[in-house]
Asker: 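Sending over a structure as structure tokens; questions will come in a sec.
Nothing fancy with the numbering, it's 1 onward along the sequence. As the structure lists them, so they are numbered: ligands from 1, and atoms in each ligand from 1.
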Amino acid sequence: MSTFWKSRYALRTLGIKSSAIRELLKVTQRPEVISFGGGLPAPDVFPVQRFEEACHKVLQEHGAESLQYGATEGYEPLREMIARNMARYGILSKAENVLITSGSQQALDLIGKLLINPGDSVLVEAPTYLGALQAFNVYGAQYVSVPIDEDGLVTAHLESRLRAGPKFMYVLPNFQNPAGVTLSEGRRHELILLADQYGIPIIEDDPYGQLRYEGEHLAPLVVLDRENLRRDNGFALGNVIYLSTFSKTLAPGIRLAWIVAPEDVIGKLVQLKQAADLHTSTFNQFVAYEVARDGFLDQHVKLIRQAYRERRDVMLQALKEFFPPEVTWTHPQGGLFLWVPMPQGTDGQELFQAALAQDVAFVPGDCFYGNDSEEGCRHMRLNFSYSEPEQIKEGIRRLSQAVKRQLYHEHARV
Ligand SMILES: Cc1ncc(COP(=O)(O)O)c(C=O)c1O
């Protein structure tokens, strides 16, 4: 490869790798492969007709405005609608506290830009969302990791990590990506108290909160935040920055998400976003507003919940039916993923190749750790939203063959 450009790359680009999942998605695009790999919504739940009508209406009624440059903060009616919707979950904010971003992925990048100096440490769950690690890596983040179990981040391990003085915590309280686990109510309170005691801000990433298939809704961290309660002005805007997205409730292709933060933080993020892309697509924001309004979004989320609950149940049932008894898995109450820890000594990459040979794909767990982890290698992340129920059953049957071969081959070698 020519060194002409390479020798000129900025230091921050060294060691940056492309997403293991994006690379993997390329391999799994053979039509015969059943993919539990990407975090893709089911294509058949996209509200295509509603989008078609909305596009038509936007062009008829706001043609020029929707095709023009717009405010960096985002389309005002959409920000107001988001603020109203979040208020139903106790997140009280004004449109001024909402910044529209081009996906939550951009929100993570802007937050990295805002908060991380090279060498700063960020407290993350182990495992955590790969895309956040990618975004923060560019800014030279180091990681302090806290393990998780079925009740989410293990708060008993938190205090020792907080003493090291991380710049902020990045937490996924609902149906975590990749493990599908949910932070219990008790641990939410513990986490908030410790964060307050040590003065550590929290980035709460919540793309899946509305996709709950069982159990009660739990208050988001932004609502429990002590600083917010002390201010007692009714607005959830203290030491927690909250992120959510339309990617899983409407469509990821429109690249629309939002950040909720105190107004001065939003002001700074707006400057950073101006440098990045001026603003998120005006047209997409007008269309998303038209699609979501008049109660459509709520109706649609109900339909998605129903479809994904069924797919989750089919996957859980198939795992029970086909997988060997020594393998366990998480039981997600919502979201898109479940997590399978294989017995000690299993090589996830070998298992991945064995699964591909059976025309089925998953994401090996090692890419979800801020710090290199032997532990991650033996985990599989399985997505249950994308494939149809029949395919899920067949995919798990095929995967079980690869798993058995791997396990019993391993045992034979011992
Ligand atoms: C935890 C988490 N955060 C952020 C994102 C990025 O979402 P978006 O499509 O809004 O960029 C995802 C996508 O899967 C995710 O799982």
Asker: Just checking, is any N or O donor in the side chain of Glu190 or Thr155 under 3.5 Å from an acceptor N or O on the other one?
Answerer: yes
Asker: Do Gln353 and Gln349 have side-chain N/O donor and acceptor atoms under 3.5 Å apart?
Answerer: no
Asker: Is the closest heavy atom of Tyr208 to ligand 1 under 4.0 Å?
Answerer: yes
Asker: Can you see whether Gln60 engages Lys57 through a side-chain donor-acceptor pair at a distance of less than 3.5 angstrom?
Answerer: no
Asker: Between the side chains of His217 and Gln210, does any donor sit under 3.5 Å from an acceptor?
Answerer: no
Asker: Does a side chain donor of either Asp347 or Gln406 reach within less than 3.5 Å of an acceptor in the other side chain?
Answerer: no
Asker: Considering only non-hydrogen protein atoms, determine which one is nearest to atom 6 (C) of ligand 1 and report residue, atom name and distance to 0.1 Å.
Answerer: Tyr129 OH, 3.5 Å
Asker: For Tyr89 and Asp206, which I'm curious about, is there any donor-acceptor pair between the side chains at under 3.5 Å?
Answerer: no
Asker: Does at least one non-hydrogen atom of Pro207 fall below 4.0 angstrom from an atom of ligand 1?
Answerer: yes
Asker: Which residue and atom name correspond to the protein heavy atom nearest atom 3 (N) of ligand 1, and how close is it?
Answerer: Asp205 OD2, 2.6 Å
Asker: What protein heavy atom sits nearest atom 9 (O) of ligand 1, and how far away is it?
Answerer: Ser247 OG, 2.6 Å
Asker: Mark up the atoms of ligand 1 that fall under 4.0 Å of a heavy atom belonging to Asn177, in ascending order.
Answerer: 15 (C), 16 (O)
Asker: Tell me, please: is Arg255 in heavy-atom contact with ligand 1, that is, under 4.0 Å?
Answerer: yes
Asker: Can you tell me if Lys248 has a non-hydrogen atom under 4.0 Å from ligand 1?
Answerer: yes
Asker: Just jot down the ligand 1 atoms closer than 4.0 angstrom to any heavy atom of Leu172, in number order.
Answerer: 1 (C)
Asker: With a distance cut-off below 6.0 Å to the six-membered ring centre and an angular limit of 45° from the axis, does Arg312 pair with Phe384 as a cation-pi contact?
Answerer: no
Asker: Which ligand 1 atoms are under 4.0 Å away from a heavy-atom of Ser104?
Answerer: 4 (C), 6 (C), 7 (O), 8 (P), 10 (O), 11 (O)
